[in-house]
Each structure stands twice: as structure tokens, then as C-alpha cells.
Amino acid sequence: MYHNLTHGNITSPLPRPSALAPLNILGVILFLRLTWIVGTAGIMESFAIVVMCCTCVTGGSYYMISRSLGPEFGGAVGLCFYLGTTFAGSMYILGTIEILLTEAMLNNMRVYGTCCLALMALVVFVGVKYVNKLALVFLACVVLSIMAIYAGVIKTIIEPPDYPICLLGNRSLQNHNFEKCMKTEVIKNVTYTTELWKLFCGSPHLNATCDEYFTLNNVTEIQGIPGLLSGVIKDNMWGDYGPSGMLVEKKNQLSVPVQDNSRDIYKPYIFNDISTFFTLLVGIYFPSVTGIMAGSNRSGDLRDAQRSIPIGTILAIATTSFIYMTCVVLFGACIEGVVLRDKFGDSVKKNLVIGTLAWPSPWVIVIGSFFSCCGAGLQSLTGAPRLLQAIARDGIVPFLQVFGHGKANGEPTWALLMTVGICEIGILIASLDAVAPILSMFFLMCYLFVNLACAVQTLLRTPNWRPRFKFYHWTLSFLGMSLCLSLMFISSWYYALVAMSIAGCIYKYIEYRGAEKEWGDGIRGLSLNAARYALIRLEEVPTHTKNWRPQLLVLLKLDSDLGVKHPRLLSFTTQLKAGKGLTIVSSVLEGTYMTLRAEAKSAEQNVKSVMHAERTKGFCHVVVSSNLRDGFSHLIQSAGLGGMKHNAVLMAWPGGWKQAEDSYPWKNFIETVRETTSAHQALLVAKNIDKFPCNQDRLGEGTIDVWWIVHDGGLLMLLPFLLRQHKVWRKCKMRIFTVAQMDDNSIQMKKDLQMFLYHLRLNAVVEVVEMHDSDIAAFTYEKTLVMEQRSQMLKQMQLSRTEREREIQSITDDSRNSIEKRKSSVVETLQASNTLQVPSLSISMDIQEDEESHANLSDTATAMPDHHVHMTWTKDKLIAERNRKRGEPTVGVKDLFNMKPNQSNVRRMHTAVKLNEVVVNKSQGAQLVLLNMPGPPKNKGGDENYMEFLEVLMDGLDRVLLVRGGGREVITIYS
């Protein structure tokens with residue numbers, strides 16, 4: 001049922017499944033190893049092995065896995081299954097050679113195995129049609145062999161076959177070097193030594209010095225096949241495990257032990273060639289049941305595959321399970337234990353042990369097993385290349401694409417060469433017992449994921465998962481999956497780890513480099529269900545401060561070609577997030593969705609491309625709105641889903657707002673600030689974003705400076721910490737500046753802040769900057785005057801756009817010249833200078849148009865009563881400053897060009913200028929400066945003044961991040 005089942009891309013004739021399965025199932029393990037497994041493990045444990053292994057193999061294939069669990073799982077497990085099938089070919093070829101050779105020496109196995117592999121590969125290369133023709137012949141031989149076994153069992157009831165075995169004491173002997181099981185024989189009253197005597201005494205003379213054990217123990221001859229009614233089943237009920245080199249001995253047989261056994265290896269005893277234990281036998285036996293899927297894997301010629309495969313597979317399981325289970329019991333009931341444990345038949349003159357039971361002749365088994373192994377090897381060399389070709393043609397593993405090509409008729413030539421090369425590795429191992437556990441791992445992994453695929457599809461209730469087979473429940477799949485996983489580690493825990501590592505590497509390779517395939521896999525549905533459950537749980541419980549991290553909504557600007565205007569904004573997002581948490585990258589197109597639908601899709605693809613280039617992990621969404629302002633507003637309100645919503649907005653500073661043809665850009669910016677504040681969301685505004693480092697940069701030195709004017713919940717403290725987790729900012733040091741007045745205790749303030757950072761487990765240098773009260777400088781006065789003049793002009797004169805630009809430019813130039821002339825002097829016309837001097841720490845973080853609201857620095861706290869905003873100065877100073885400002889009169893505009901600036905605006909500008917001087921003095925060389933962002937005025941008439949204040953505050957700094965908290969604590973001393 002592999003790839004050809006649905007794609008039909010294998011056009012060459014295929015063997016009928018009915019002819020394939022028995023050759024793979026009833027093959028090398030049945031004829032060469034099952035008797036040894038029964039003798040070593042005993043009837044009870046062997047029966048358990050058969051039941052466990054047969055339970056695991058209830059169907060599956062590459063196609064089912066890849067389409068149910070996705071291309072990554074499908075490709076990884078499909079390649080593992082390919083490797084298992086290829087190593088199975090090695091095992092069958094080694095079995096073939098073992099049948100032919102009387103001495104299974106390692107080099108003999110390698111040489112003859114390589115020749116046999118070359119011959120079989122040539123047959124497969126010439127054409128699979130020859131394999132089809134031979135399949136029925138091979139099948140007939142297998143059926144006759146199995147019938148001969150059952151016939152032999154029945155015959156033992158009437159007349160057991162004559163296969164005497166020789167025991168010395170209780171030790172079984174190899175009898176192919178002697179004919180008579182006796183030490184001496186009397187011929188015409190003369191005593192002669194036998195060939196057995198010569199083997200243990202080294203001489204035919206009666207006075208020769210013999211082996212001590214040979215001298216002390218008698219020689220006994222017993223029947224190797226006592227028969228079904230002999231009662232030998234009681235002796236074979238339980239196992240007899242042992243280390244490599246252990247003697248094969250008959251239980252309950254008397255013997256005289258000796259002290260020195262060092263010379264035993266040179267005597268004709270029968271030894272264990274490997275250490276035996278239950279888990280090893282599971283690994284060796286399991287390949288015998290892997291052929292159950294041979295028919296379904298190559299069933300392209302079935303008329304109704306979805307009906308035939310389940311029925312055929314279940315019947316194959318039932319039939320072969322019956323054969324194996326009955327054979328386990330019958331072998332244990334008919335054959336002597338020492339013969340069962342004789343793997344290579346040395347005690348029965350090199351005959352196959354199973355052949356001694358067969359009727360009418362052992363040659364029936366020899367011929368049947370030989371053709372069975374040859375047929376199974378040919379089928380592995382036929383099926384494995386087609387499996388590799390199917391994976392290659394799917395295109396999910398780029399480096400395998402060459403193996404998707406073949407001859408004109410579809411024969412996978414290159415895949416066959418690859419298969420032969422891997423198969424040769426198994427032959428060079430030259431041990432059937434060593435190769436069998438390797439392919440067991442790969443097959444078990446395949447069956448594990450088949451069961452997982454069935455269970456996942458059933459539990460998800462996938463609409464297209466409609467199996468015709470009615471007698472199915474998902475618990476059976478989970479049981480099979482658990483059993484497969486257990487068998488992997490039972491058989492060989494280190495082989496299991498190696499196989500899983502190979503599959504894991506292939507999975508990650510396909511995930512990283514593989515082609516994009518959308519097969520509607522079940523893992524996607526499982527992810528959807530898990531996401532839905534997690535979102536519901538997230539919405540039930542609010543985020544704790546310990547778990548708070550910025551979940552960003554990134555507002556992008558697009559150029560006229562629908563490209564990203566500031567890609568570095570996404571670079572900064574990557575550095576800040578490092579792939580953690582939620583990132584939603586959004587933009588807005590102005591118009592109607594019906595007319596701009598294609599443009600929106602194109603813009604979204606452009607944004608995704610930049611996100612991929614900048615390694616920004618998140619979601620992209622481009623919306624179409626009648627105007628940009630409404631579009632951004634809708635994004636701020638509705639982006640995200642359930643508990644996965646953004647809590648912070650990242651955007652770029654509108655750098656050219658003064659030169660813009662209209663006021664829309666900066667008005668949109670201010671409205672965005674207002675909406676994020678109202679939505680209790682943090683706001684990050686990056687100035688000069690194009691100067692920020694890219695992901696490939698490494699800032700070798702420098703600092704990240706935090707100017708902590710207002711406590712905003714700890715966001716200013718948290719952001720540098722998050723940035724320094726990324727390799728771009730890792731070597732930068734963090735400095736925190738706080739501002740004090742002359743009458744503040746700067747030393748104590750510094751100690752308190754250092755202790756606060758210590759409890760927060762943040763490493764930073766603390767500096768307290770003292771700002772002196774001073775007269776308002778001429779520059780501040782002129783700057784404010786220019787700002788107000790321009791605002792009043794735009795309000796009172798309805799100039800055209802061109803005229804407006806010319807007038808503003810003229811006024812700006814005149815004011816600049818005036819400032820240069822008066823830069824070093826103080827304005828003498830300001831009479832009440834003391835009333836205009838304000839503590840520098842009273843910088844308005846919430847600028848209001850009217851003076852009363854201007855003094856309210858706790859605007860965020862009043863808007864969000866649950867989370868108070870704490871100032872870095874005392875409450876008494878704040879109240880005194882507020883009362884003083886309330887008493888100041890409002891100055892009206894008398895004359896547009898001879899006006900005096902609004903005193904409140906002068907104080908604000910003075911504060912911004914003085915703070916900017918301090919920041920530039922301390923942080924001009926910093927890699928990044930983080931500043932508290934003042935809130936916008938409630939009265940929209942002062943919006944332009946607000947933008948001027950921010951410009952002055954950031955003047956002279958290259959990289960600035962304005963930060964406005966969302967009104968809640970985001971950092972805690974508790975871990």
C-alpha cells in the first residue's frame with residue numbers, strides 16, 4: 001500500500017500479494033532459528049515471544065504514515081522502513097548461505113553472500129517479471145515444507161525418526177566426526193578404541209592418557225526426535241539461557257563434574273556461540289513477522305485495495321500466527337532439548353534441526369528453506385528500491401531526488417544500486433543473529449508510527465478518516481504502539497536509541513530542508529486541538545507577573561511597492577523576542593477589500609519573506625481598511641485570539657513628520673499612543689530604526705542605557721534584560737540612570753536602587769544624575785515660540801499646502817537665525833523668572849493642553865486604578881508642583897508674530913531640553929537609550945506641541961526606544 005497505491009507511479013508488473021507474504025513471513029527464521037529459540041527460551045517464553053511480535057504487526061505503510069502524521073514523520077519512518085527492508089534482504093541472503101555451507105565461517109559467509117547478492121541484484125535489474133514467475137515456484141516449495149513438518153509430527157506418533165545423538169555424561173557431542181557413540185568396541189573378543197576415543201585421548205591406544213571428564217563419565221546414546229507422545233515436552237517447557245561458550249547439556253542427566261574445564265573448547269562438545277537472553281531472542285524472532293505487510297506494500301495490481309488489504313493482512317496475521325504458535329508447541333513436544341539448542345545441527349550430522357522432524361525427507365526442508373530465503377531476498381531487493389523511489393519522488397528529502405529516476409519503464413535503477421550497497425553492509429556483518437535485531441528496530445519503529453497514525457486520526461475524528469473495517473477501536477492502536485515501543489527496548493536498548501536517533505535526524509533534516517508538502521496530516525489536527533485547549537486555559541487565568549513577557553503587535557509601514565519600509569523593525573523584534581512568546585506582524589492597506597484583495601495577499605507574502613529573512617517567528621496579517629487610522633485601531637483591538645493576545649505594540653517613530661505634506665502621519669501616531677494607553681497595552685517606539693543593528697551584527701562593547709524617570713511597572717528594567725539574551729546585544733552592559741534634585745539624598749537613592757536591582761537579580765550599573773534649577777534659556781524660549789507660532793499660523797490661516805510649507809520654512813529659518821544671535825544670553829523680558837523655574841524632575845510624562853491636566857503626572861494611574869504608577873520623586877514635591885501650576889494664568893495669543901509663548905509650554909520645553917542635555921551628555925555613545933515616553937495630551941489641540949516635545953527629548957541620540965508601560969507590574973523579585 002505504499003506510494004503507488006494512490007499515485008500509480010510504478011508501472012512495472014508487481015507480484016501478487018498472496019504470493020509475497022508467505023515467502024517473507026515463513027522464511028529464514030522459521031527454518032533456521034525457531035527450533036533454537038524454542039530450545040533456549042522454552043515453550044512458554046517462546047509462545048509469549050510469538051504472541052507479542054504478531055500483535056505488533058497489524059498493518060501500515062509509508063503512504064499511511066506520511067499522510068497521517070505529516071511528511072516529516074512519513075519521510076523519517078519511511079526511510080527507516082526502507083533500511084529495515086534492505087537489511088532484511090541481507091538476512092535472507094545470509095540464511096541462504098547458511099543452508100548451503102556445512103561450515104558457517106565468517107569469511108565464507110561474506111564471500112558467498114556477496115556473490116549471491118550480485119546474482120539476485122542482476123535478476124531484479126533484468127526485470128521484476130522474472131521475480132513474479134519465480135514467486136509461485138518459491139511459494140509452492142514453502143507450502144510443501146510446512147506440510148512436511150506437520151506430516152513429520154504426525155509420523156512421530158506412529159514411528160519416530162531415527163536420529164540418535166551422543167552424550168558424554170550430560171554433555172551433547174558433535175557427531176559428524178565419528179560414527180559410533182562408544183568409547184571402545186569388542187570385535188572377536190578384541191577391544192578396539194573408537195573414533196570418539198581418539199578425539200578425547202589423542203591416541204588410539206588403550207593406555208593413552210585421556211581427558212579427565214571423558215574418563216569419569218559414560219557415553220550415552222539417546223533419540224534426538226523421541227516423538228509427540230514421549231513426554232519430552234515437560235523438559236522443554238522452560239528456558240535454558242547462558243553465556244557465550246556455555247556447554248549444551250541435557251537436564252536431569254547424571255554426570256561427574258571435573259575441576260579443570262580449560263581444554264573443553266578443543267573437544268567436540270556443542271557450545272553456545274552467543275550469549276542468550278530473552279530480549280535477544282525477541283529481536284532475532286521479530287523479522288519473521290515483518291513480511292505480513294509485504295502484500296500491502298506492493299499491491300498496485302489489486303482491484304479494490306481498500307477492501308482487500310485489511311482482509312488479506314488480517315488473514316495473513318491469523319494464518320502465520322497459527323503456524324508459528326503450533327510449531328513452537330510441536331517442536332518442544334517432539335524434539336529433545338539438547339537438539340533444539342543445537343543451532344547448526346552439529347549433533348545430528350549437520351542436518352537442519354527442523355529437517356530431522358520433516359517427512360518424508362530432510363531434503364524437503366532444505367529445498368523449501370533455500371527457495372524461501374532466495375525468494376524473500378529477491379522480494380526485498382525488489383520492494384526496497386521501489387520504496388526509496390516513492391520517497392524520492394515525493395520530494396520531501398532533497399538529497400534523495402536522484403533515486404526517483406530509473407529506466408524508461410519505471411524500474412528504479414539508481415535506487416537498486418543504493419539498496420545493493422546497503423545490503424552489502426549487512427552481509428559483511430556475516431551473522432544472521434547480529435543482522436536480525438537491526439532490521440527489527442526499523443520495522444518496529446514503522447509499526448509504532450502506523451499505530452500512532454491510526455489512533456491520532458480516530459481521536460481527532462478527522463472527517464476524511466473513514467475506515468471501512470468496522471472492528472476497530474483506537475485503544476487497539478495505542479496498545480500496539482506501546483507494545484512496539486516496549487519491544488524496541490526489550491530487544492536491544494542501544495539499537496533502539498540508534499534507530500530513534502537516525503529517525504530524529506532525518507525528521508529534523510526534512511523539517512529544515514525538505515520540500516513543503518500539505519497532505520492534511522493528523523499532526524496538524526493534533527496541534528490545532530492542543531492549541532484550542534491551551535487558548536481556552538489561557539483565557540481562564542490572567543497572566544501572572546512571573547510569566548509576563550512582551551507579546552508584540554508590530555505595526556509595519558509598507559512602501560509603494562508593498563514592500564516592508566523598515567526591515568530593521570523585524571530584526572529588533574527577533575532580538576527582543578528570541579522566538580519566545582507571541583509576535584503578530586501587521587500592516588494596513590487603505591481601500592476596500594474587494595478591490596485590494598490581491599494586493600493584500602501580495603503584501604502579506606512580502607512581509608512573510610522579510611520575517612523569514614530576519615528570522616522573526618510569528619504571525620503575519622495585512623488588513624484592508626477604508627482609512628489607515630481605523631485599520632490600525634482594529635488591529636490594536638482585535639489582533640490575537642483568546643488568551644494569546646498582544647500586550648505591547650512596537651512601531652517606528654514617524655521620522656519625517658515635520659516635512660510631511662499633511663499632518664496625517666503624526667496624528668495617526670498620537671492616536672495609536674492614545675489607543676494603546678486606553679487598552680492597557682505597553683508601547684515601544686523606536687527612533688532611527690534603520691540604524692539599529694541587524695541580526696548578523698555583534699555589538700562587541702557599549703552600553704544599554706535606561707533613563708528611569710517614571711516607574712512604569714518595570715518594563716524599562718525588563719527590556720534590556722531580554723535584549724541581552726540575544727547574541728547581538730549579549731556583550732553590552734546595562735546602565736540605569738535616575739534623576740535627583742539638589743535637595744534629594746542622592747547617595748541613599750543610589751543604594752535603594754542598587755538593592756532593588758539586586759532583588760530583581762539584574763546586573764546593572766546605577767547612576768544618580770543631579771539636575772540643577774536654572775533660568776529658562778533663550779534657546780528654550782525661542783524653541784517654544786517657533787512651535788506656537790507655527791501652530792497658530794496653521795490654525796488661523798487657511799493656506800494652501802504649498803503656501804503652508806513655504807511659510808513654515810521661512811519662519812523656521814528666521815527663528816533659527818534669531819536663536820544663533822541670542823544663544824548665549826538670557827531673555828531679559830521674562831520678569832518673574834523664579835515663577836518659571838521648575839524642578840527638573842517634574843518632567844510631564846502626561847502632557848495636557850490645559851495647565852491643570854498638564855501637572856497631572858499620574859494620568860496612567862488614574863486610567864488604571866488597579867495598577868498605580870510610581871514616581872521616582874516624592875509625593876510632597878509632586879503636590880507642591882501641581883498646586884503651583886494650577887495658580888498660573890493662561891497667556892492668550894495677541895499677535896501672531898509678536899506673541900509671547902505660553903508659559904506652560906515654556907516649562908515643558910525647558911524640562912525636555914534640560915533632560916535631553918543630561919541624557920546626551922551621559923548616553924550619547926550608548927548602543928541604545930531607553931526613555932520613558934510621556935503620554936499625549938487629552939486635548940487634541942496640543943498634539944503638534946507633543947510631537948515637538950518628544951523630538952527635543954530625543955535630539956542628538958542615534959538609537960532611542962521610547963517606552964510606555966501598560967499600567968501593570970511586569971517584573972518581580974520572585975522566580
Side-chain angles (χ1 to χ4, degrees), residues 545-552 554 567-583 614-618 647-652 682-709 711-738 750 753-767 919 922-933 954 957-966 969-975:
T545 303
K546 290 191 295 184
N547 300 324
W548 194 96
R549 67 166 58 245
Q551 317 288 3
L552 290 182
V554 184
R568 291 293 174 88
L569 196 62
L570 293 178
S571 302
F572 183 70
T573 303
T574 302
Q575 296 157 21
L576 183 62
K577 299 288 290 180
K580 304 296 189 299
L582 175 68
T583 301
E614 299 295 340
R615 299 179 181 178
T616 304
K617 296 181 179 179
N647 56 26
V649 176
L650 173 63
M651 59 190 303
L683 178 64
L684 312 178
V685 179
K687 182 190 176 186
N688 295 332
I689 186 61
D690 294 327
K691 295 183 179 180
F692 276 55
C694 65
N695 292 326
Q696 287 71 38
D697 291 339
R698 301 292 182 270
L699 302 180
E701 57 184 11
T703 61
I704 300 176
D705 288 358
V706 177
W707 283 85
W708 192 41
I709 309 302
H711 180 62
D712 56 353
L715 188 57
L716 275 172
M717 308 284 193
L718 185 62
L719 291 176
F721 170 78
L722 295 176
L723 280 175
R724 293 180 68 240
Q725 305 305 304
H726 196 275
K727 51 192 173 184
V728 172
W729 303 89
R730 188 165 295 157
K731 294 184 179 180
C732 292
K733 296 181 180 180
M734 179 178 169
R735 296 193 301 179
I736 296 182
F737 295 89
T738 189
K750 183 174 182 178
L753 186 53
Q754 286 175 335
M755 182 59 65
F756 179 55
L757 293 175
Y758 173 78
H759 287 302
L760 291 176
R761 299 176 300 281
L762 294 176
N763 294 322
V765 177
V766 176
E767 289 192 33
V919 173
K922 294 286 187 179
S923 302
Q924 193 168 24
Q927 298 289 2
L928 180 65
V929 178
L930 280 75
L931 292 170
N932 283 115
M933 182 179 184
M954 298 184 292
L957 300 172
D958 278 342
R959 299 178 189 145
V960 182
L961 186 67
L962 292 175
V963 180
R964 185 163 176 79
E969 292 291 336
V970 300
I971 193 168
T972 176
I973 64 174
Y974 304 107
S975 54

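Counting from 1, the numbers follow the sequence of the chain as shown. All values derive from a computational prediction rather than experimental measurement.
Among V649, L962, L930, L715, the one residue that satisfies the side-chain contact (heavy atoms from CB on, under 4.5 Å) test with L684 is L715.
Between F572 and F692, the ring planes lie perpendicular to each other; the angle is over 60°, past the 30° to 60° tilted range.
Under the 3.5 Å distance criterion, the side-chain polar atoms of K577 are left unmatched by any main-chain donor or acceptor of T583. For the pair R698 (side chain) and Q696 (backbone), a donor-acceptor distance under 3.5 Å is present. Using a distance-only test at 3.5 Å, with no hydrogens or angles considered, no donor-acceptor pair links the side chain of R568 to the main chain of K691. In terms of modelled atom types and a separation under 3.5 Å, the side chain of Q575 and the main chain of P693 share a donor-acceptor contact.
For the atom pair CG (L650) and OG1 (T573), the distance works out to 4.5 Å, reported to the nearest 0.5 Å. Within the model, atoms CD of E767 and NZ of K750 stand 7.0 Å from one another, a figure rounded to the nearest 0.5 Å. If you take CD on E701 and CD on Q927, they are separated by 8.0 Å, rounding to the nearest 0.5 Å. F721 CZ to L716 CG: the interatomic distance, rounded to the nearest 0.5 Å, is 15.5 Å. Separation of atoms CG (N695) and OG1 (T616) is listed at 7.0 Å; rounding is to 0.5 Å. One distance of note links CZ of R615 with OG1 of T574; it measures 9.0 Å at 0.5 Å rounding.
Here the closest non-hydrogen pair linking I689 and A652 is CG2-CB, 4.1 Å. Nearest heavy-atom pair, N688 versus L957, reported as atom, atom and distance to 0.1 Å: ND2-O, 3.4 Å. In plain terms, the two heavy atoms of I704 and W729 that are nearest each other are CD1-CE3, 3.8 Å. Of all heavy-atom pairs between A764 and L757, the closest is CB-CD1, 4.0 Å. The two residues T703 and A926 come nearest to each other via the heavy atoms OG1-CB, 3.6 Å. Nearest approach of P720 to V706, heavy atoms of both residues: CG-CG2, 3.4 Å.
Taking a cutoff of 4.0 Å between a charged side-chain nitrogen and a carboxylate oxygen, R735 and D705 qualify as a salt bridge.
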### Task
Would you check, one step at a time, whether the test side-chain contact (heavy atoms from CB on, under 4.5 Å) holds for L928 with L723?
CA-CA 10 Å; L928 180 65; L723 280 175; 3.6 Å; yes

### Query
Checking side-chain contact (heavy atoms from CB on, under 4.5 Å) for the pair R964/V685: CA distance, chi angles, key distance, verdict?
CA-CA 9 Å; R964 185 163 176 79; V685 179; over 6 Å; no

### Task
Verify side-chain contact (heavy atoms from CB on, under 4.5 Å) between I736 and L762, making sure each step is shown before the conclusion.
CA-CA 11 Å; I736 296 182; L762 294 176; 5.9 Å; no

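At most 12 heavy atoms of other shown residues, nucleotides or ligands fall within 6.0 angstrom of atom CG in N763.
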